[in-house]
Amino acid sequence: MASSGLPIHIHCSAQKPSVSSSANFDHLKSTLSSAFKPFLKQIERFPLRIDVAPQTLNNTCLKLVDAAVDFVFEFADQPLLPSQSNFGPVNEMKEAVQVTNIQGEIPRDFAEGVYIRNGPNPIFGALTSTSSMFGRSSYTWIEGEGMLHALYFCKGVEGDWTVLYKNRYVETETLKLEKQRNKPLFLPALEGDSPAILSAYLLNMLRYGKVNKEISNTNVFEHGGKMYSIAENHKPQEINILTLETLNDWDVNGGWNRPFSSHPKKAPGTGELVILGIDATKPFAELGIISADGNKLLHRADLKLNRCSLCHEIGVTQRYNVFMDHPLLIDLNRLVRGSSLMKYEKEGYARIGIMPRYGSADSIQWFKVKPNCTFHLFNCFEDGDEVVMWGCRALDSIIPGPDKGQNKFDWFSRKLRPIKPIEGSMDAVSEDQLVFPRPYEWRMNKQTGDVKERNLTGTEYSMDFPFINEGFVGVQNNYGYCQVRDSIASSASGMAKYGGLAKLYFGEQNPGFSLKENEVEGLIKVEYHMFEKNTFGTGAAFVPKQGGVEEDDGWVVTFVHNEDTNISQVLIIEAKSFTSKPVARITLPFRVPYGFHGTFRPMQLQNDILSIIPSLNSKIVKSISPSYSQIHE
């Protein structure tokens, strides 16, 4: 879209500008905010995802803008503490490698397929920040470029296993551009002084046609037989699951022109994909339904929200779509007034919307709920007149981080401490303990309009990143799984670390739990699988057992890293014997940084083994692929 409606005047100076005093800075902030108010009226006409074509500016002008940015803005790396070392990036591999160090045994009835996890991996070795006459801005811990880590489980003709490992960057257009220029190009546009953020928006748009870079680092999902990498700020990228090559952006054959949330859901029965796309400008949220084969957008509806709520998830039941409107808000007007672009508004309202599958905004039934910040859901389902939603609920948001002037490490360290409940309600905690997600239940009665809410677990552990047996998405399930935060280690490092896993029994009450909170809330049974000391995991997923009958017939797989030995592994845990030792420990030859979400895709790999690792020994290939033996004999 052309930028002719945005007149820009650039003035160069012979000396590098600086802000010498807080008074000067406040004056600059006020002046710049005032100057940007007309620009805001213009920018509200354009969704932030829409490219402003750099071709509209001639090459000379673009070079002048580039030179001005290089002159005014200084990039600096954000250092990591020793306790944060496994959040640091790793190098991209040239080719997959065979993994031979396996303790225990991979079960014979384990599914052949690929376990893949996404996560941030800053391309130039560290997240960066900038300083300029406009102030400071920096990338947050969630914004590193996406890297996929994949473990391939290949089953031989005799039932033996060959395991391969590979990593690779998600090659978004912005990553390719920065690799080509071999330096950071995009100015951070989320956290920092409002004049710096506004400047970053404008200059990124002028130079590259995008307000920020495409990170694609959050989740991996399958639809229509294809795999996709995704983050909220851009459309998904299709991935070749065998090579991890990035193929193209997925716009549903031109039917979808905005990002969508990182956790789309397949509708039970039809296999259609339900998506929710948010934006900082109107329409703030749109729902879409994609055909089961992934080729066609079947339905699109503007939810007609009056604010941009950062909704990371969407839920589905057999008949409904379920979404959250909570007070973690992206607000351009607030940014122009000198405050944060993203902020959790503690006095704001929260509600849950229930909408028929192919409904419109007018068909949404809204239920007011207690204010909360819920990023992740276990599941949603219908139970008589009620729609039930299970998620990991907190009372504040851990992103984007502290307000201006606060020490970032101290802020995260306080927020991640173990919780100390106050006498009375389980939600009665101190200000510094609000960022404590744990399993929670909402029951919305569509006939009466009433809502019942309750905590499902106590305050011993914070839990997040939930997952279930995906065969039960949208229908009532008995079990859920999630990662257990080690609050002591997290507080010490100022970064969230997960020291174990939990299995939740939704239909069973917690036995032998005598505290008052159990009497009040009716807490459920939970089993824990805790990792070894100073070992933390990410990206856990459920692998259904082939031919399994019960919901928890299968295994939980997860990446873990031991910070004492600097060794990364993948664990396979029997879901029915959840507290027992892992049935297999697969030691990886390279470090795997902490990341976000993972999934397991069952698929036959026998005939594709050489696509994954062309240099694999021919004897091993023959033991895996019968067709290889036939062709080469």
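At least one side-chain heavy atom of Lys408 sits less than 4.5 Å from a side-chain heavy atom of Glu191. Ile230 places none of its side-chain heavy atoms less than 4.5 Å from the side chain of His263. The shortest side-chain heavy-atom distance between Phe536 and Val560 does not fall under the 4.5 Å cut-off. At least one side-chain heavy atom of Phe375 sits less than 4.5 Å from a side-chain heavy atom of Leu328. Annotation: side chain of Leu127 is not in contact with side chain of Asp77 (no heavy-atom distance under 4.5 Å). Residues His326 and Val369 fail the side-chain proximity criterion, which asks for heavy atoms closer than 4.5 Å. Using a 4.5 Å cut-off on side-chain heavy atoms (C-beta onward), Leu198 and Phe134 make no contact. In this structure, the side chains of Ile142 and Phe596 come closer than 4.5 Å at one or more pairs of heavy atoms.
Between Ser262 and the choices His376, Glu232, His597, the side chain to side chain donor-acceptor pair (under 3.5 Å) rule is met once, by Glu232. Looking at Thr558, Thr538, Asn167, Thr599 one by one, the single match for side chain to side chain donor-acceptor pair (under 3.5 Å) with Arg117 turns out to be Thr538.
For the salt bridge (Lys or Arg N to Asp or Glu O under 4.0 Å) condition, the pairs that include at least one residue of residues 302-314, sequence neighbours left out, are Lys265-Glu313, Arg307-Asp325.
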For this session: Could you walk me through whether Ser462 and Arg438 pass the side-chain contact (heavy atoms from CB on, under 4.5 Å) test, one step at a time?
Result: CA-CA 5 Å; Ser462 175; Arg438 54 200 170 110; 5.8 Å; no
For this session: Report the C-alpha distance between Asn455 and Tyr440 in whole Å, list the side-chain angles of each, state the deciding distance to 0.1 Å, and finish with yes or no for side-chain contact (heavy atoms from CB on, under 4.5 Å).
Result: CA-CA 5 Å; Asn455 288 292; Tyr440 198 80; 3.3 Å; yes
Exercise. Given the rule in the side-chain contact (heavy atoms from CB on, under 4.5 Å) test, do Phe378 and Cys392 qualify, once you have shown the distances and angles that lead to the verdict?
Worked result: CA-CA 8 Å; Phe378 288 95; Cys392 291; 3.8 Å; yes
For this session: For side-chain contact (heavy atoms from CB on, under 4.5 Å), just list the numbers for Cys482 and Phe465, CA-CA rounded to whole Å, side-chain angles, deciding distance to a tenth of an Å, and then say yes or no.
Result: CA-CA 5 Å; Cys482 56; Phe465 293 88; 5.8 Å; no
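Side chains of Asp249 and Gln237: a donor on one and an acceptor on the other come within 3.5 Å. Between the side chains of Ser216 and Thr172, no donor N or O sits under 3.5 Å from an acceptor N or O. At a cut-off of 3.5 Å, with distance as the only test, a side-chain donor of Arg591 or Asn86 sits close to an acceptor on the other residue. Inspection of the Ser261 and His312 side chains reveals no N or O donor paired with an N or O acceptor under 3.5 Å. Side-chain contact check for Asp486 and Tyr498: no donor-acceptor pair (N or O, by modelled atom type) lies under 3.5 Å. Neither side chain, Asn118 nor His149, offers a donor N or O lying under 3.5 Å from an acceptor on the other. Under 3.5 Å, the side chains of Ser413 and Ser491 contain a donor-acceptor pair of N or O atoms.
Classification of Lys179 and Glu171 as a salt-bridged pair holds, one side-chain N sitting under 4.0 Å from a carboxylate O. Salt-bridge check for Arg207 with Asp66: passed, with a basic side-chain N closer than 4.0 Å to an acidic carboxylate O. Ion pairing of Lys343 with Asp331 is absent here, as no side-chain N (NZ or NE/NH1/NH2) approaches a carboxylate O to less than 4.0 Å. Ionic pairing of Glu453 and Lys370 is not present here: no N-O contact between side-chain nitrogen and carboxylate oxygen is shorter than 4.0 angstrom. Ion pairing between a basic and an acidic side chain is recognised when a charged N comes within 4.0 Å of a carboxylate O; Lys183 and Glu178 show no such pairing. Under a 4.0 Å N-O distance rule, the pair Arg334/Glu345 qualifies as a salt bridge. We find that Glu143 and Lys213 are not joined by a salt bridge, their nearest charged nitrogen and carboxylate oxygen being 4.0 Å or further apart.
Side-chain N or O atoms of Glu238 include none that pairs as donor or acceptor with a backbone N or O of Leu247 at under 3.5 Å. Panel note: side chain Thr174, backbone Glu214; a donor-acceptor pair is recorded below 3.5 Å. Put simply, the side chain of Tyr169 gets close to the backbone of Asn121: a donor and an acceptor are under 3.5 Å apart. Under a 3.5 Å cut-off, the side chain of Ser137 and the backbone N or O of Pro188 do form a donor-acceptor pair. Side chain of Thr246 to backbone of Val170: no donor-acceptor contact under 3.5 angstrom is found.
Atom CG of Asp410 is surrounded by more than 12 heavy atoms from other residues, nucleotides or ligands within 6.0 Å. For Ile488, the CD1 atom counts as loosely surrounded, since its 6.0 Å shell holds 12 or fewer non-hydrogen atoms of other residues, nucleotides or ligands.
Note that the CD1 atom of Ile330 and the CE atom of Met342 stand 4.5 Å from one another [nearest 0.5 Å].
The aromatic rings of Phe221 and Trp250 sit tilted, their planes meeting at an angle between 30° and 60°. Ring geometry for Tyr208 versus Phe186: interplanar angle of 30 to 60°, hence tilted.
Ring-centre distance between Phe323 and Trp366: below the 6.0 Å cut-off.
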